[in-house]
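Shown next, in structure tokens, is the structure this report addresses.
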Amino acid sequence: MDTVINRDVALARIEGDEELLNELFQLFLEELPGLVRGIRGALAQHDGKALQQAAHSLKGAAANLAADTVADLAKQMESMGRDGNLDDASATYAALEAEVDRLKEALVTLS
């Protein structure tokens, strides 16, 4: 199933607290530009360690909200940074950026 975010899973993780879920969505939306900027900057500098750290942060935040595709793409970027293999990073970043845009739209709709 091609879902951007699994709201039911995210809600279950916080024991059904709708208000808290909406707050988490808003917090994520506020933090998201900085997280993406960190990945983009690490790529521009060809800094594997910075890429690993920035992608790890995005991966965790997305996973907490059950935004699995963003989390998976961030995990791929994290591995690239850890391994120092940035050859395919531009393509993966483009896919991540597109999925982040979809996620932003979904979060605005859901909150």
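What you see is a predicted model; the values in this text were computed from it and never measured.
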Which pair of heavy atoms, one from Glu78 and one from Ala55, lies closest together, and at what distance?
N-CB, 3.5 Å
Measuring from Asp88:CG to Met77:CE, what's the distance to the nearest 0.5 Å?
10.0 Å
Roughly how far, to the nearest 0.5 Å, is CD of Glu97 from CD1 of Ile39?
10.0 Å
Testing the basics here: between Met80 and Ala89, what is the closest heavy-atom pair and its distance to 0.1 Å?
SD-CA, 3.6 Å
To the nearest 0.5 angstrom, please state how far the CD atom of Glu99 sits from the OG1 atom of Thr69.
4.5 Å
Would Phe28 end up clustered with Leu20 when hydrophobic side chains under 4.5 Å apart are linked, directly or stepwise?
yes
Less than 4.5 Å apart, any side-chain heavy atom of Asp47 and any of Leu51?
no
Test of understanding: clusters of I, L, V, M, F, W, Y form through side-chain heavy atoms closer than 4.5 Å, transitively. Do Val108 and Leu103 belong to the same one?
yes
Could Asp72 and Lys75 be called an ion pair, given the rule that one side-chain N must be under 4.0 Å from one carboxylate O?
no
Measure the spacing between CG of Leu86 and OH of Tyr93 and express it to the nearest 0.5 Å.
14.0 Å
Run Leu58 and Leu96 through side chain to side chain contact (heavy atoms under 4.5 Å, CB included) and show every step you take.
CA-CA 10 Å; Leu58 177 57; Leu96 176 65; 3.9 Å; yes
Please walk me through it: do Gln53 and His56 pass side chain to side chain contact (heavy atoms under 4.5 Å, CB included)?
CA-CA 5 Å; Gln53 292 170 341; His56 179 80; 5.6 Å; no
Should Glu105 and Arg102 count as an ion pair when the cut-off is N to O under 4.0 Å?
no
To check you understand the geometry: which heavy-atom pair defines the closest contact between Ala54 and Gly38, and what is its length?
CB-C, 3.7 Å
Same cluster or not: are Leu29 and Val70 linked, directly or through other Ile, Leu, Val, Met, Phe, Trp or Tyr residues, by side-chain heavy atoms under 4.5 angstrom apart?
yes
Nearest-0.5 Å distance that lies between atom CG in Leu21 and atom CD1 in Ile14
4.5 Å
Heavy-atom pair of closest approach, residues Ala106 and Ile5:
CB-CG2, 4.3 Å
Within-4.5 Å side-chain heavy-atom neighbours: Asp68 and Val9
no
Pairwise distance CG(Asn6) to CG(Asp8) - rounded to 0.5 angstrom
5.5 Å
For Ala63 and Ala71, which heavy atoms make the closest approach, and how far apart are they?
N-CB, 3.9 Å
